[in-house]
*Asks:* 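This is the structure I want to talk about, given as structure tokens.
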Amino acid sequence: MSPRLKRLTLLVINSVFIISSLYVFAQNPKLKKGKVTSKNYFEQIAFEFKKNKIVIPIQIEGKTYRFLVDTGAPNIISSEVYKAIKPEHVINISAKDANGLEQQLDVVTLEQLQIGSVIFEGFNALVFDLNGSSVFKCFGIDGFIGSNMLRHSVVQFNAEDLLLTLTDQPKKLGLNKKDAHKIKLIGSQSSPHVVIELNGKKNGRELVLIDTGMGGFYNVSKRNYSIFKSENIFQPIGESTGASSISLFGETSKSTQTRVYTPQLKINTTAFQNIITQTTEDDSSKIGAELLNHGIMTIDFKRKRFYFKSKLETIDMSAPAIGFELTLKDKFFVVGYVWDTDLQNKLQYGDKILKVNGVVLDDSNFCKYVLKDSVINSEHRFDISFEDHDGSVHNIIVNKKELKTILADFNYEEN
């Protein structure tokens, strides 16, 4: 089993400070191997940014591959890359993904890998059958660049210009120390964590994982929420039993989660207002790659500093929301969690979505809808055809609700 760090909880007057227990993907000292042989490097790499996934070209043995940049994971290579380069085998370890699913994976040593002209030598990686996952196969990726490979560098993500900057010369980035927050590099893979502020009816602080592999903005771990709940930092706005995420090792099992609202979340000097999110089974709360749509993020692994620069000091995240979530199961879109009480007697977890506003969703166009913006995000009114657990087909009309209506449904009152 992967070791876990203990959670430390400090209650202060009108404030809660949480250091979340660490959820380590594969806690093993072998992941700290490797070095960057390049010196005085300043490399800018164009990246793809589909569905908030950062994909860059890398070179191994003269061949170019597509790797996802994931600061919440260690290095991973696909089974196909493993067969092509035949790296040295190090050990077999037990690894857990973000949903707690567990597999035995091989650890191998990558003799050399290049990102642009920057040379990395002797880094270890896990081997996983990425093409065995229908979702990862859609993205066409060959591996992950994880935080254990980035830990010797400064990494800047600029989604507006689609540029990733990799350097050991942070002065060239024009960073201001006054804008920096300290980060903690936790575990053998040096996972970057930063403290954020949460402002509800009371105020709190939370140490969260900066996870560029997560497409969303912010998720709160269920254990942290249980502490914050008594302090009125979050307002519950729905509870449901179901599932809504696909992680590396497959579909997550059913669980009961809570959809929550908080008036403000502050990252460095930028205040994000009107946040709706949900609890998860993760030990760590997370900030994901959706953040990159609002500014430039820089992680200085060498000096343990975190920067986020937005054009706006305050960003309103409120938007009309639908009362349920979609997830993926057996290459079909199915109902995940149902938050709206009016819908809970109509939809259930696992109901297969057949059509949305006349658009057929099936396995023939699976990757098309994995890679494009969700049909649920693009409209306000939906004519949904679905098949229930008994095989019966039903049609319902669902409308999105404004934030003020959702909060009124749950009797939320401002301070």
Side-chain angles (χ1 to χ4, degrees), residues 25 36 41-60 64-78 81 97-98 110 113-118 120 123 125-126 128 130 133 135-167 173 183 185 189-194 208-219 245-248 267 286-301 306-310 367 370-374:
F25 182 95
V36 183
Y41 57 92
F42 187 89
E43 193 75 14
Q44 291 189 310
I45 303 100
F47 65 81
E48 294 180 16
F49 198 49
K50 290 183 179 178
K51 295 300 283 286
N52 293 339
K53 302 296 182 187
I54 304 161
V55 179
I56 63 171
I58 64 101
Q59 294 81 41
I60 303 177
T64 300
Y65 295 96
R66 290 165 48 83
F67 272 51
L68 184 145
V69 181
D70 187 347
T71 57
N75 303 326
I76 299 172
I77 61 170
S78 69
V81 174
D97 68 10
L110 303 178
L113 179 150
Q114 278 187 240
I115 301 177
S117 64
V118 184
F120 299 80
F123 282 87
L126 306 179
F128 182 69
L130 289 169
S133 162
V135 175
F136 283 112
K137 190 173 183 179
C138 291
F139 285 93
I141 59 173
D142 303 300
F144 289 17
I145 296 296
S147 53
N148 59 319
M149 185 171 286
L150 300 173
R151 71 181 191 273
H152 299 297
S153 301
V154 184
V155 188
Q156 184 173 91
F157 302 88
N158 184 334
E160 183 176 3
D161 295 335
L162 296 178
L163 283 178
L164 182 149
T165 302
L166 193 67
T167 185
L173 292 170
I183 58 172
L185 301 180
Q189 68 194 52
S190 301
S191 301
H193 289 67
V194 68
V208 299
L209 170 63
I210 302 299
D211 183 1
T212 59
M214 184 184 91
F217 177 69
Y218 167 68
N219 282 338
S245 62
I246 302 292
S247 55
L248 192 64
I267 300 176
K286 297 178 179 181
I287 293 292
E290 167 64 23
L291 177 67
L292 304 183
N293 291 304
H294 304 286
I296 297 173
M297 181 177 79
T298 307
I299 304 175
D300 186 340
F301 284 88
F306 173 82
Y307 302 82
F308 178 72
K309 185 175 180 59
S310 174
C367 281
V370 167
L371 295 175
K372 70 179 290 187
D373 286 340
S374 169

*Asks:* Where the side chain of Ser310 meets the backbone of Gly295, is there a donor-acceptor pair that is under 3.5 Å apart?
*Replies:* no
*Asks:* Which residues satisfy the ring pair (Phe, Tyr, Trp, His ring centres under 6.0 Å) test with Phe67, sequence neighbours excluded?
*Replies:* none
*Asks:* So, Ser190 side chain and Ser147 main chain: donor-acceptor pair closer than 3.5 Å or not?
*Replies:* no
*Asks:* For a quick test of reading the model, state the closest non-hydrogen atom pair linking Gly116 to Gln59 and the distance between them.
*Replies:* O-OE1, 3.5 Å
*Asks:* For a side chain to side chain contact (heavy atoms under 4.5 Å, CB included) with Phe120, tell me which candidate from Ile58, Leu113, Leu150 qualifies.
*Replies:* Leu113
*Asks:* Kindly write out the residues that satisfy side-chain contact (heavy atoms from CB on, under 4.5 Å) with Lys53, not counting sequence neighbours, or none if the list is empty.
*Replies:* Leu68, Phe139
*Asks:* What distance separates Thr71 OG1 from Leu209 CG, expressed to the nearest 0.5 Å?
*Replies:* 6.0 Å
*Asks:* Any non-hydrogen side-chain atom of Val69 less than 4.5 Å from a side-chain atom of Phe157?
*Replies:* yes
*Asks:* Which distance, rounded to the nearest 0.5 Å, do you find between the OG1 of Thr64 and the CG of Asp142?
*Replies:* 10.0 Å
*Asks:* Out of curiosity, Ile115 CD1 to Leu166 CG, how far, rounded to the nearest 0.5 Å?
*Replies:* 5.5 Å
*Asks:* Taking all non-hydrogen atoms of both residues into account, name the closest pair between Ser78 and Leu130 and its distance.
*Replies:* CB-CD1, 4.0 Å
*Asks:* Enter the distance from Glu290:CD to Lys51:NZ here, rounded to the nearest 0.5 Å.
*Replies:* 12.0 Å
*Asks:* What heavy-atom pair brings Ile45 and Pro57 nearest, and what distance separates the two atoms?
*Replies:* CG2-CD, 3.8 Å
*Asks:* Starting at CD1 of Ile60, measure out to CD1 of Ile77 and round the result to the nearest 0.5 Å.
*Replies:* 6.5 Å
*Asks:* If the condition is side-chain contact (heavy atoms from CB on, under 4.5 Å), which residues does Val55 pass it with, not counting sequence neighbours?
*Replies:* Glu48, Arg66, Ile141
*Asks:* Return the set of residues passing ring pair (Phe, Tyr, Trp, His ring centres under 6.0 Å) with Phe47 (not counting sequence neighbours), or none when no residue passes.
*Replies:* Phe49
*Asks:* Hey, can you tell me if Phe144 and Phe136 have their rings parallel, tilted or perpendicular (30° and 60° cut-offs)?
*Replies:* tilted
*Asks:* Contact between Met297 and Ile210 at the side-chain level, heavy atoms closer than 4.5 Å - yes or no?
*Replies:* yes
*Asks:* By side-chain contact (heavy atoms from CB on, under 4.5 Å), which residues pair with Gln156, not counting sequence neighbours?
*Replies:* Thr165, Leu173, Leu175, Ile296, Thr298
*Asks:* For residues 147-160, pull every pair meeting salt bridge (Lys or Arg N to Asp or Glu O under 4.0 Å), keeping only residues two or more places apart or in separate chains.
*Replies:* Glu160-Lys311
*Asks:* Side chains of Asn219 and Asp211, heavy atoms from C-beta outward: is any pair under 4.5 Å?
*Replies:* no
*Asks:* Check for a donor-acceptor pair, side chain of Thr167 on one end and backbone N or O of Tyr41 on the other, with a separation under 3.5 Å.
*Replies:* yes
*Asks:* Closest approach of Asn52 and Ala289, non-hydrogen atoms and distance?
*Replies:* O-CB, 3.3 Å
*Asks:* Nearest 0.5 Å please: distance from the CD1 atom of Ile267 over to the CG atom of Leu291.
*Replies:* 4.5 Å
*Asks:* Locate the shortest heavy-atom distance separating Ile287 from Met214; write the atom from each residue and the value.
*Replies:* C-CE, 4.0 Å
*Asks:* Is a donor on one side and an acceptor on the other found under 3.5 Å between the side chain of Asn148 and the backbone of Asn75?
*Replies:* yes
*Asks:* Considering non-hydrogen atoms only, spot the tightest contact between Ile299 and Ile183 and give its length.
*Replies:* CG2-CD1, 3.8 Å
